[in-house]
2 protein chains.
Amino acid sequence: MTTTRRLHTQQDMRRRNLAAVLYAVADGGPASRARVADRIGLTRTAVSTLVDDLLAAGLLAEAGLGHSGAPGRPGTVLALSDRGPCGLGAEIGVDHLAVCAVDLRGRVRARAAVDSANRGSEPGPVLARLAELVTRVGTEVTAAGLHPAGLRVAVPGLVSRGHAHVVQAPNLGWRDVDLTTGPLAGHGPLTADNEANLGALAELWIGDPVCRTGDVLHISAEIGIGSAILTDGQLLRGNRGFAGELGHVPVRRRGEPCACGGRGCLEQYAGEAALLRAVGLDPARAVAEHPGPGGRSAYLAGRAADGDRDVLRALRGAGTDLGIALTGATHLLDPHALVLGGALAVLAPWLLPTLTAELGRRLGAAPLLVVSRLGADGPLLGAAHAVTRSVLDDPLRTGDARL
Amino acid sequence: MTTTRRLHTQQDMRRRNLAAVLYAVADGGPASRARVADRIGLTRTAVSTLVDDLLAAGLLAEAGLGHSGAPGRPGTVLALSDRGPCGLGAEIGVDHLAVCAVDLRGRVRARAAVDSANRGSEPGPVLARLAELVTRVGTEVTAAGLHPAGLRVAVPGLVSRGHAHVVQAPNLGWRDVDLTTGPLAGHGPLTADNEANLGALAELWIGDPVCRTGDVLHISAEIGIGSAILTDGQLLRGNRGFAGELGHVPVRRRGEPCACGGRGCLEQYAGEAALLRAVGLDPARAVAEHPGPGGRSAYLAGRAADGDRDVLRALRGAGTDLGIALTGATHLLDPHALVLGGALAVLAPWLLPTLTAELGRRLGAAPLLVVSRLGADGPLLGAAHAVTRSVLDDPLRTGDARL
DNA sequence: ACTAATTTGTAAATAGCCCTGACGAAATGG
DNA sequence: CCATTTCGTCAGGGCTATTTACAAATTAGT
């Protein structure tokens, strides 16, 4: 279909096999050449030449001999390099900025964050503040022997992929902001993606293993209620990149009108603003009083833990409405699991009873219901890992970076 | 992920390139070797050797010299063979059986159908009747110089793919029926799939071109209301193969209880049985009186065309409820287009007004709304084309048939 | 009609990639 | 100490696509 990406030349085969070697080590852990060959189904000879290239490129490192106790000559253990390229991830939240660096082994090597009231702000100063964090993290990892292979930015809005171009971010008040011309350049290829998408990918890559065993619907609430559909290890983005707008699935035929133009949208009953209003709070003031990623949900979770009846009632209702929307989504997608991520992870203990009840009532066999352990950290980690994954996908950078 | 299917050997590269040549001719029309080379990005030399193999295998045929009028030596035109392998498709409906044969060029070369009351019947006799149709069609195309490369059966139920094993087909009353041991064998690899899935694939392969330009949700109603999600040229099947159950998406919070265990399911308001009841008919009797694929919908369409007020009112209501369910699906999937297929295609003229109104009201920018031109023929054609596609995908059958 | 230009298809030589088979190196176990 | 096992590498070979070159067949221009 896409003639741009050719897959028929020998170089492409080589590229695939280089990536296969790296993923064999990344997924299966450090191993000798012979063991890698067994894992990916190539001969030892072929793996040897592949490994030579990867060692020269600084992506793999030899970690001494592995004495297994079994007879036979021990192999030299290969591991992903912890001094090679690393991925930089950045997050532009409504009220905070964050940056982190992840090495090929998946370890977070540096991170930085600041509170920042970005709602309705000018892009320029925000990006300048973010750039400062990026250079701070960048110099830190450079001192540790790593070199950034790219920077990916998580944005709460719609992003034109590969171009690092924010089409619109309602909660920031941004429209048509091009990140490439700003102060973020200079750390390798600069890319951007939607925050919910990156959170879901983080869950797929480093989160709960069930996400790797089948299709998954990842639900994440920050300001709105978003979700991401993971099929076959990939994100379903839809025509315009809008896929996953769970918050605007109708749950009441003649419900409250919504800013989206519809009525009875899930967000009107289970969204953060709806929850805050239901317990007598002004959403705008609550954001100011409880900033940061997951600030309001942490506050609500605290009150729920204290037994606050209003909050408990609101969360019960939200669980029920979430259950109705997820019933429809499950019938459509038949996912292996539903993952509650982002702010929902913190509130899960009080949402789950009514949510599971509603799902159990309406669905014969409900999918697994999993609470993300990444929580509000997902988008940031996902952004950094997206960069390292792109390195593993095309180790010698022979092709153009399709980030 | 799946280590079973290796993609790194040279034979795989060859296989891909052979398929690329065939699809270049299939999608872009007959062309010379040089033009094919331009289309798929290989050199003329490489294409020549690929074409040699495909000619020898009887998949391509030379169709004389092509005088284009432009300067230069004219090339010998290559076309898909119309005397090579063909695909057999079969359909087990609730009240009919049908078989057709399609050649590599996509032309229907033979077909046969009979009415057959299959609801609640024993599988044995039904399969025997179907087998008779298959052999009839098979001998007809064999006489025309074609040879069947496989048989795919469209079943109104859940199928374990690749094994031709019907897990359950509620409308037939079948459970755990293995087609391979029955009388259908002997026409090449025997496979089966869900009828809605094959209908959607037919739309993708030979239907409206918009289906090939992005993700699509294909809605098809026969007895229930099913749908299929086409992403990236592939079917989203879900964890158990249940994906696309649009009929059980809740559209009323406290609506009618449904056999699925839920309540307020779309099917209770826009399903065939609901429509028949709404105009005062008994669904079971209506099936007997108006058999065949799309029999009831044709009858309802007839009454609607005559201006029958009850029918028009029922269809208006169904359009509205369908609009609510599709609003949710659109928010989740952001499809490029919604395709009304199967029985809905016939009823589209009377569903569309309220359906488009509801979508327009609830969605800022609704996806394209397309009426399938294949209609009730979709599943049967999709089944036959699935076989020919599998031939094109792996022309020399070096790999195992992953149908 | 004749030539120049252009395009097509094929042949020979070349480079890249992986496989087969063989071998030395380095461990275990009796 | 020696047989056994496993690891990594080397040499040779097969397959695939590319490069380069060339003959064949057509159009356009004189």
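Just so we're on the same page: letters track the sequence lines, and every chain starts at 1.
- Residue-to-nucleotide proximity on DNA chain C shows that, of B:A34 and B:G72, the 5′-proximal contact is made by B:G72.
- Here the C1' atom of nucleotide D:dT18 and the CG atom of B:N17 are 13 Å apart, to the nearest Å.
- What separates CZ of A:R16 from P of C:dC17 is a distance of 15 Å, to the nearest Å.
- Distances were taken from every side-chain heavy atom of B:M13 (C-beta onward) to each of D:dA21, D:dA17, C:dC18; the shortest belongs to D:dA17.
- Of the possible polar contacts, none joining the B:R105 side chain to the B:A79 backbone as a donor-acceptor pair under 3.5 Å is found.
- As rounded to whole Å, 10 Å separates atom C1' of C:dC19 from atom CG of A:L42.
- Here the P atom of nucleotide C:dT8 and the CZ atom of B:R39 are 12 Å apart, to the nearest Å.
- Side-chain proximity of B:T76 to the nucleotides C:dG9, C:dT6, D:dT9 is greatest for C:dG9.
- The pair A:R14-A:D53 counts as a salt bridge, with a side-chain nitrogen and a carboxylate oxygen less than 4.0 angstrom apart.
- Atom CG of A:L50 is separated from atom P of C:dG16 by 15 Å (rounded to the nearest Å).
- Of the candidates C:dT8, C:dA25, C:dC17, C:dT8 carries the atom nearest the B:R73 side chain, counting heavy atoms from C-beta on.
- Within the 4.0 angstrom heavy-atom criterion, only backbone atoms of the sugar-phosphate kind lie near B:S32; the bases stay farther away.
- A close approach under 4.0 Å does occur between a side-chain nitrogen or oxygen of B:T43 and OP1 or OP2 of D:dT18.
- Looking at the side chain of B:R35, the nearest of the listed nucleotides C:dT28, D:dT19, C:dT8 is C:dT8.
- Listed nucleotides C:dC19, D:dT26, C:dT10 differ in distance to A:T45; the shortest reach to its side chain belongs to C:dC19.
- Using a 4.0 Å cut-off between charged side-chain N and carboxylate O, A:R397 and A:D394 make no salt bridge.
- B:R44 has its CZ atom 21 Å from the P atom of D:dT16, to the nearest Å.
- At a threshold of 4.0 angstrom between heavy atoms, the contacts of B:R33 are confined to the sugar-phosphate backbone, with no base atom among them.
- Between A:L396 atom CG and C:dG16 atom P the separation is 14 Å, expressed in whole Å.
- We find that B:R15 and B:D12 are joined by a salt bridge, their nearest charged nitrogen and carboxylate oxygen being less than 4.0 Å apart.
- Residue B:T49 places its side chain closer to D:dA17 than to any other of D:dA17, C:dC18, C:dA27.
- Relative to the side chain of B:Q10, the nucleotides C:dC17, C:dT8, D:dC7 differ in distance, and C:dC17 lies closest.
- As a whole-Å value, the separation of B:R14 CZ from C:dG16 C1' is 16 Å.
- The listed nucleotides are D:dT26, D:dA17, C:dC18; the one nearest the side chain of B:P74 is D:dT26.
- In this structure, A:L198 and A:R152 have side chains that are in contact, with non-hydrogen atoms separated by less than 4.5 Å.
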